[in-house]
Amino acid sequence: MSKIKQVPVLYIVIPCYNEEEVLPVTSGVFLKKVRDLVSSKKISDDSRILFVNDGSRDATWKIITELADQDGHFLGISQSRNRGHQNAVLAGLMEAKDQCDITISIDCDGQDDINAMDKMVDEYLSGCEIVYGVRSKRDKDTIFKRATAESFYKVMNFMGAEVVFNHADYRLVSSRVLQEFQNFKEVNIFLRGMMPLVGFRSTSVYYERAERIAGESHYPLRKMLALACDGITSLSIKPIRMITSLGLLVAVLSFIGIIWAVAGNLTGATVSGWASIICIVCFVGGIQLLCIGVIGEYIGKIYMETKARPRYIISERTYEKEGRQ
Ligand code: UDP
Ligand code: MG
């Protein structure tokens, strides 16, 4: 492989889950973007738009196969069942890594400004291997979504899981980085936290986040909390350290309590202390359960990791894999 960068082949990786309302609109936008980038000689005409159907229950896969029939720039793979956004993106990236020079992962709902791709490719051409798309504003999100999403990043960072603030999964990653990334074998994946761990030169480009074109968000608060919890426990052991500190604090307090109780007993000042005992028992009991829960989360993760189940299973493709290069 020569070091001189030729016009790169770009694969745009797009996870889709029940997006029949959105795809017919956004697919045209993606195609236009690829054509524009090709005509401005930033990317090769071998570039492709790779849809990853994440076990949709609606007509998403049918739409993808039709698109692939209509235009050779569209490709599609289908996961054998719904595995979630992260696994869908990973499946697409792993599928693309040997066929291209760069990948850009983006949601299919038109929320992430597609024009930021130009800047991303420029950054790649000037030597960056990872380019994070960062939301500069979230004016179009509801106040609730904005507040919860932004606290998500703050809590994550506080808990020791380093993530780029306001960066979701809109990102350019070179195939070189992906070749290294495939050695990250963990089953619990949190791409936006794992990519920085690979290293290489990286930068950010900023864009404004728009409203969803149609359909509903698949990330309600419940899923966002689960993602945060997953991200934190996958990337950091700070919660366990916090338990240790808490244990130390409670131990010190208990020690003071013991001295106080013994001194009280010796001076004969012990009176009926029902309320205080109940409070202490409940408090310590609660903390203990909480701590066991956190430790349990990690044990659960270890359990899942030891099974080493496949992270994605591709059941269908709109093309023959062997026939391609
Ligand atoms: N998605 C997916 N699998 C899922 C949930 C979502 O592939 O189980 C895709 C979805 O089609 C979209 C992207 O992930 O392209 C982001 O989802 P969504 O727009 O619902 O999340 P939000 O932007 O509201 O955080
Ligand atoms: Mg969205």
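Whatever order the structure lists them in is the order used to number ligands and atoms, beginning at 1. Side-chain atoms are counted along with the backbone in the values below, which use heavy atoms only and exclude waters and symmetry mates.
In terms of protein heavy-atom proximity, atom 20 (O) of ligand 1 is nearest to H218 N, 2.4 Å. In terms of protein heavy atoms, atom 4 (C) of ligand 1 is closest to D54 OD2, 3.4 Å. Scanning the protein heavy atoms around atom 21 (O) of ligand 1, the nearest turns out to be Y219 CD1, 3.3 Å. Of the protein's non-hydrogen atoms, S217 OG, 3.7 Å is the one closest to atom 22 (P) of ligand 1. Among all protein heavy atoms, the one lying closest to atom 23 (O) of ligand 1 is Q111 OE1, 2.9 Å. Looking at atom 1 (N) of ligand 1, its nearest protein heavy atom turns out to be Y17 CB, 3.7 Å. Closest protein heavy atom to atom 18 (P) of ligand 1: R212 NH2, 3.4 Å.
Cluster partners of L289: none. The rule joins Ile, Leu, Val, Met, Phe, Trp and Tyr whenever side-chain heavy atoms lie under 4.5 Å apart, and it links nothing here.
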Using distance only, find each side-chain donor-acceptor pair of residues 189-201 under 3.5 Å and give its atom names and separation, not counting sequence neighbours.
residue: R192; atom: NH1; partner: Y153; partner atom: OH; Å: 3.4
residue: R192; atom: NH2; partner: D169; partner atom: OD2; Å: 3.4

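By the 30° and 60° cut-offs, the orientation of the rings of F74 relative to F51 is parallel.
Residues T26 and D109 fail the side-chain proximity criterion, which asks for heavy atoms closer than 4.5 Å. Residues Y312 and V52 are not in side-chain contact: their nearest non-hydrogen atoms beyond the backbone lie 4.5 Å or more apart.
With sequence neighbours excluded, the residues satisfying side-chain hydrogen bond (donor to acceptor under 3.5 Å, both in side chains) with E305 are N188.
Only the side chain of D109 comes within contact range of ligand 1, with a heavy atom under 4.0 Å; no backbone atom does. Heavy atoms of P15 found under 4.0 angstrom from ligand 1 belong to the backbone as well as the side chain. Contact annotation for N82 and ligand 1: only side-chain heavy atoms (C-beta onward) come within less than 4.0 Å of the ligand. If you look at R83 next to ligand 1, there are no close heavy atoms at all, none under 4.0 Å.
Interface atoms of ligand 1 facing D107, defined by a heavy-atom separation under 4.0 Å, are 13 (C), 15 (O), 16 (C), 23 (O).
Here the closest heavy-atom approach between residue C128 and residue S202 is recorded as SG-C, 4.2 Å.
Here the options are I49, I14, L67, the test is side-chain contact (heavy atoms from CB on, under 4.5 Å), and the partner is S27; only L67 passes.
Between D36 and K42, none of the side-chain N atoms (NZ, or NE/NH1/NH2) sits under 4.0 Å from a carboxylate O, so this pair counts as no salt bridge. Contact check on K62 versus E66 returns a salt bridge, with a Lys/Arg side-chain nitrogen under 4.0 Å from an Asp/Glu carboxylate oxygen.
When only modelled atom types and interatomic distance are considered, T103 and K97 share no side-chain donor-acceptor pair under 3.5 Å.
In terms of modelled atom types and a separation under 3.5 Å, the side chain of S136 and the main chain of Y207 share a donor-acceptor contact.
Stacking of K119 on the aromatic ring of Y206 is not recorded, the 6.0 Å distance cut-off and the 45° axial limit not both being met.
Inclusion of C108 in the set of residues having an N or O under 3.5 Å from an N or O of ligand 1 is warranted.
Within the protein, the number of N/O/S atoms found under 2.8 Å from the Mg ion (ligand 2) is 2.
Of the listed residues (H85, K223, E19), the one carrying the non-hydrogen atom nearest atom 12 (C) of ligand 1 is E19.
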